[in-house]
2 protein chains.
Amino acid sequence: MDDSVDAAILAEVSRDPRATLAQLGERVGLGVSAVQARLRRLESSGVITGYRAVLDPEKVGRSLSAFIEITPLDPSQPDNAPEVLEHLSAIEACHSIAGDASYMLFVRVGTPRDLESLIRDIRAAAAVSTRTTVVLQTFYENRPIALEA
Amino acid sequence: MDDSVDAAILAEVSRDPRATLAQLGERVGLGVSAVQARLRRLESSGVITGYRAVLDPEKVGRSLSAFIEITPLDPSQPDNAPEVLEHLSAIEACHSIAGDASYMLFVRVGTPRDLESLIRDIRAAAAVSTRTTVVLQTFYENRPIALEA
DNA sequence: CGTGAAATTCTTAGGGA
DNA sequence: TCCCTAAGAATTTCACG
């Protein structure tokens with residue numbers, strides 16, 4: 001991204017990636033082929049890494065979400081927690097963090113029992129202790145990144 | 001969502017919402033207009049709440065992300081933190097949580113100084129104390145929700 | 001960056017299992 | 001009800017100025 005037109009395109013495509021090139025063009029003040037060329041450049045240069053549909057978690061059986069902090073039981077062992085946990089599809093995100101724990105996961109499950117079994121799976125797969133913080137209500141998430149000029 | 005074909009459509013559209021109806025149809029074993037009808041129904045029934053482009057945070061000047069737990073300074077006061085914080089566009093998500101703090105935010109900024117000023121803004125706007133956990137590395141995030149059946 | 005034409009895709013109406 | 005086919009409209013694509 002280098003100028004304000006690209007920033008405008010990114011802002012629009014973040015909100016509504018299924019808009020037509022003509023619609024995007026109108027919103028940013030460009031013609032169809034100019035928007036297309038810039039979009040392609042933003043994709044192939046890796047500024048845009050992909051597209052997602054946002055689903056209502058309740059309506060797809062994932063009513064319960066939680067943060068799970070994890071810490072290796074044996075700090076002298078090699079630590080490959082992110083890889084060994086990757087196959088657990090309930091894990092939506094995995095970050096290494098500064099603080100007491102080593103990693104912060106964000107997970108989505110259907111029920112408290114699913115959460116219990118997920119936590120067990122995590123402990124077994126990665127040889128870690130866990131500290132779980134249940135989400136009671138989500139006010140907003142997945143807000144598009146706001147771009148400065 | 002009611003059956004396995006809808007689940008397959010959701011899985012595909014979660015990963016690649018810009019695929020054509022013909023591509024989606026081929027992947028789930030349906031014709032164009034059948035896929036279109038189901039997609040429309042999934043959208044208007046609120047199972048699909050929207051679409052997003054995923055941007056590379058580094059490349060849009062948001063190299064630093066963090067979790068911020070916040071707790072109201074005066075628990076007897078009415079608590080409307082999510083609303084008063086909503087205008088801070090660096091905040092990507094806001095959840096109410098079970099645990100010591102009241103809310104968990106996920107934020108993205110450009111620099112440590114931006115994080116400092118964001119934390120100050122949060123404290124001032126919502127009359128809260130904060131506890132910040134900086135993200136050192138993100139292994140994965142925004143993974144599509146995996147659907148059963 | 002815009003124009004224009006060809007290729008592809010979307011949309012809708014109609015009919016069949 | 002759910003799906004398919006088919007035709008017209010809209011969009012994407014790409015060479016050229």
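Order of the sequence lines sets the chain letters (A, B, ...), proteins ahead of strands, with each chain counted from 1.
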| query | What is the per-nucleotide protein-contact pattern of nucleotides 1-17 of chain C, from the 5' end, where B denotes a base atom under 4.0 Å from a protein heavy atom, S denotes such proximity for sugar-phosphate atoms only, and - denotes neither? | reply | SBB-----SSBB-----
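Every salt bridge (Lys or Arg N to Asp or Glu O under 4.0 Å) that B:Arg120 has, sequence neighbours left out, goes to B:Glu116. Residues passing the ring-ring contact (aromatic ring centres under 6.0 Å, His included) test with B:Phe139 are A:Tyr103, sequence neighbours excluded. For B:Ala66, the side chain to side chain contact (heavy atoms under 4.5 Å, CB included) test picks out B:Val107, B:Leu115, B:Thr132, with sequence neighbours left out.
Side-chain contact annotation: B:Asp114 with B:Thr111, donor-acceptor N/O pair under 3.5 Å present.
With axes fitted over five pairs at each extremity, the angle between the ends of the helix from C:dC1-D:dG17 to C:dA17-D:dT1 is 30° (10° resolution).
Note on ring orientation: taking the six-membered ring where Trp is involved, the planes of A:Phe67 and A:Phe106 are tilted (angle from 30° to 60°).
There is a path of hydrophobic side-chain contacts, each under 4.5 Å, that joins B:Val28 to B:Leu39.
The residues A:Arg131 and A:Asp100 are annotated as not salt-bridged, no charged nitrogen and carboxylate oxygen being separated by less than 4.0 angstrom.
With rounding to whole Å, B:Leu24 atom CG is found 14 Å from D:dC4 atom P.
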Pair up each side-chain donor or acceptor in residues 86-96 of chain B with any protein partner under 3.5 Å, not counting sequence neighbours, and list the distances.
| unit_1 | atom_1 | unit_2 | atom_2 | d |
| --- | --- | --- | --- | --- |
| B:His87 | ND1 | B:Val84 | O | 3.1 |
| B:Glu92 | OE1 | B:Arg108 | NE | 2.6 |
| B:His95 | ND1 | A:Thr138 | OG1 | 2.8 |

